[in-house]
Each structure stands twice: as C-alpha cells, then as structure tokens.
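Here's the structure we're looking at; comments come further down.
Excluded from the calculations below are hydrogen atoms, water molecules and symmetry mates; all remaining heavy atoms, backbone and side chain alike, are included.
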Amino acid sequence: ISGCPFFFILFLNFMKKFLLILIFLSFVSQSVFAKKIEIPEVSNNKIWVYYSKQAKVNYIAFVGGGGMKGNPTKSGNPVAKFGKNFREAGSNYYIFPNPKKKKALNNRKTKDHIKRISILIDHIKKQNNLPIVLLGHSRGSISVTHAANEIGKEKIDGIVILASITDTNGSMKTPNSKTMRYMLKNPKVPVLVVHHEKDGCDVTRYSSAKSLAKKHNFKLVTITGGGTTGEVCGPFHYHGFENKMPEVIQAVHSWSSTLK
C-alpha cells in the first residue's frame, strides 16, 4: 500500500508525456501528409506536395492575392489550407509557389510564369500519367486560365476556377484583360466554375460567373451557406468558401474524375 503513491506518480508522468505526444502529432498532422520538393527552375521557394497512393488526378493549386509566399499550413487561403483534404479525396496535390521569397506574384500573365508552370507539369508527368488539373482561387484564376491558353490540352487536362475574377464590374483595380470574361473567349481545355452565390467581391460576383458558364457551357457548381467571419474579399467569407470546402473538394474531384 505504501508504494501506491509512487506508482501513481509514475502513471501521472506517463499520461503527461502521452498527452504531449498527442498534442504534438495533432499540431504537425498537416505536415505529415506534405512533402517539400525543390525545383529551382520553378521557384526559389520549396513546393509543398501532398501525395496519395490512391491518386486519380494531379492538382496544381494557385493561391489568390499575392500568391503563395511561405508555409501553406499557415495560410487562410482555401486552396492552400486544405491541401491535406484534397489529398484524402484521392489526388496528388501541388501548391504552386511564388518565384522568390517575399515577392508578390504580380506576373500571372507573363511568359516567365507560364515557363515555370510548364516545368512543374513536366516534372509531374515524369512521375505518373494521371490527368493534370490546375486550380485557381480568386486571382489564381488568372494564372490557370493563362496557362491553359498558352500551354493547352497537350499538357493540361482541365482547369478549375474558384471565386474567379470574372468581370471588372466597374472596378479600376482589375484590368479587363485579366478577367475570365476576356481570357476565356476561346477556351482550349475543359473548365469547371465553382462560385458561392453570395460572393460579395465586386470583381467576383456570382451573376458574372453564372453568365460566363452559361455562355460557354461550362460546368457550374453553385455553393450556398457557410460562414462570414472575415472580410468580404478574404478567405473567411463566402469568397473563400468558409465552412464549405468539403463540399467544394467533393465537387471538384467528381468533375476531375470525368477527364480522360
């Protein structure tokens, strides 16, 4: 009986260590599924990749705003933050980085940008022969659409534009040449349009996305509901599909499975 307190203390110490391990594993769980690869011709930054042995498609994701500057697990952007979930849906998921550290990606329609995208695609094609689909959220839609127009069906099997910049709607910040209405006049690859019906950004209105899809007979996925805890044009609002990404991922993966 006198030894009971000693064993009880040992048990408490064991449980403390066990709980610390669980907390640590929970904290790094996102990174466990991710691998960082280096392709200097694509970027000085490392490329985050989520590999799946059950992959049916390769996705290359393009973050909106200033692009992907660092660790995607710390990003609020939906196509960066949910890489693990895209992987679990059955894909190899690449997050396209900016060309240099701390440099805003303001060259989405340049030859250099297209060259870097093409190099990454060539790298992926050496790994497997699965379809390659480019995903672009918000300003990322400019990147994927320009790549599809310049590279074409030879290397790209389809593109997904999420909360895309579809029309200027009078905004002086976005030139008409960088809108989907202008860039997708003659699409060279299949296009999936994913948009929230209450997206409040001036240049990403749902009505414009719906009109674009109807005009070109693009598949349109309309998202409803969700949350609005952040700014109207930020990731924590309808524009960023807050609380609705599982539905978005399912729709994207369902569509991608019809390619090839």
Side-chain angles (χ1 to χ4, degrees), residues 52 54-64 78-79 82-83 85-87 89-96 108-109 113-114 116-125 127-167 177-197 199 204 206-223 241 244-245 247-260:
S52 171
Q54 290 76 42
K56 301 297 182 183
V57 61
N58 299 300
Y59 292 122
I60 304 178
F62 293 79
V63 175
V79 298
F82 288 86
N85 303 78
F86 273 99
R87 171 199 180 276
S91 72
N92 296 317
Y93 194 79
Y94 296 75
I95 301 176
F96 197 87
R108 295 186 188 273
K109 287 193 70 175
H113 190 45
I114 296 303
R116 293 172 187 272
I117 295 172
S118 185
I119 290 172
L120 178 56
I121 291 174
D122 290 340
H123 168 82
I124 296 172
K125 283 185 173 292
Q127 313 303 313
N128 61 66
N129 60 356
L130 298 174
I132 292 180
V133 176
L134 309 188
L135 309 177
H137 175 259
S138 194
R139 290 184 183 178
S141 62
I142 299 171
S143 293
V144 303
T145 303
H146 187 47
N149 289 342
E150 295 297 317
I151 299 172
K153 186 68 175 177
E154 181 181 348
K155 293 185 179 182
I156 300 172
D157 295 284
I159 63 172
V160 180
I161 53 175
L162 305 105
S164 60
I165 297 179
T166 310
D167 208 339
S177 61
K178 290 186 178 180
T179 65
M180 300 301 100
R181 187 180 297 279
Y182 179 88
M183 296 178 69
L184 285 173
K185 289 180 179 179
N186 297 295
K188 296 182 179 180
V189 302
V191 179
L192 173 66
V193 180
V194 182
H195 224 93
H196 197 289
E197 66 171 0
D199 192 322
T204 62
Y206 174 71
S207 57
S208 297
K210 184 177 180 180
S211 175
L212 177 76
K214 183 178 180 180
K215 180 177 180 180
H216 296 284
N217 198 30
F218 297 152
K219 170 71 175 179
L220 171 65
V221 174
T222 301
I223 304 299
F241 305 105
K244 300 298 291 185
M245 278 305 292
E247 182 180 337
V248 170
I249 293 170
Q250 182 180 9
V252 169
H253 202 62
S254 176
W255 178 81
S256 298
S257 66
T258 66
L259 302 174
K260 276 193 172 180

Would the distance check show the side chain of [X] and the main-chain N or O of [Y] forming a donor-acceptor pair, the cut-off being under 3.5 Å?
X	Y	value
His137	Ala61	no
Tyr93	Val79	yes
His216	Leu184	yes
Lys188	Asn149	yes
Asn92	Ala55	no
Asp157	Ile132	yes
Ser141	Ser138	yes

I'd like to check [X] versus [Y] (side-chain heavy atoms, cut-off strictly below 4.5 Å). Are they in contact?
X	Y	result
Leu162	Pro78	no
Val57	Leu130	no
Lys56	Pro131	no
Val160	Val144	no

Rounded distance (nearest 0.5 Å) linking atom [atom1] of [X] with atom [atom2] of [Y]:
X	Y	atom1	atom2	value
Asp199	Tyr206	CG	OH	11.5 Å
Lys109	Thr145	NZ	OG1	9.5 Å
Gln250	Lys244	CD	NZ	10.5 Å
Ile249	Asn85	CD1	CG	4.5 Å
Ile151	Ile117	CD1	CD1	6.0 Å
Ile95	Leu135	CD1	CG	10.0 Å

Which heavy atom of [X] sits nearest a heavy atom of [Y], and at what distance?
X	Y	value
Thr258	Ser254	CG2-O, 3.7 Å
Ser164	His195	N-CE1, 3.5 Å
Ala213	Val193	CB-CG2, 4.3 Å
Ala251	Leu192	O-CD2, 4.3 Å
Thr222	Glu247	O-OE2, 4.4 Å
Leu134	Ala147	CD1-CB, 3.7 Å

Flag if over 12 foreign heavy atoms under 6.0 Å of [atom1], [X]:
X	atom1	answer
Gln127	CD	yes
Lys125	NZ	yes
Lys215	NZ	no
Lys210	NZ	no

Please work out whether the ring planes of Tyr59 and Phe86 are parallel, tilted or perpendicular, with thresholds of 30° and 60°.
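Because their plane-to-plane angle is over 60°, the rings of Tyr59 and Phe86 count as perpendicular.
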
Describe, in one word, how the ring planes of His196 and Phe241 are oriented to each other, choosing from parallel (under 30°), tilted (30 to 60°) and perpendicular (over 60°).
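Ring orientation, 0 to 90° scale: tilted.
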
The test is side-chain contact (heavy atoms from CB on, under 4.5 Å); show your working for Trp255 and Val133 and say whether it passes.
CA-CA 10 Å; Trp255 178 81; Val133 176; 4.2 Å; yes

Full working for side-chain contact (heavy atoms from CB on, under 4.5 Å) between His113 and Phe62:
CA-CA 12 Å; His113 190 45; Phe62 293 79; 4.3 Å; yes

Mind running side-chain contact (heavy atoms from CB on, under 4.5 Å) on Ile165 and Thr204 for me, showing each step along the way?
CA-CA 5 Å; Ile165 297 179; Thr204 62; 4.1 Å; yes

Polar side chain donor-acceptor pair, Ser118 to Lys155, under 3.5 angstrom:
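The criterion, which ignores hydrogens and geometry beyond distance, is satisfied for Lys155 and Ser118.
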
Side chains of Ser143 and Arg108: is there a donor and an acceptor less than 3.5 Å apart?
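Note: Ser143 and Arg108 side chains meet the donor-acceptor criterion.
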
Set out, in order, the CA-CA distance, both residues' side-chain angles and the distance that settles side-chain contact (heavy atoms from CB on, under 4.5 Å) for Ser208 and Met180, then state yes or no.
CA-CA 9 Å; Ser208 297; Met180 300 301 100; over 6 Å; no

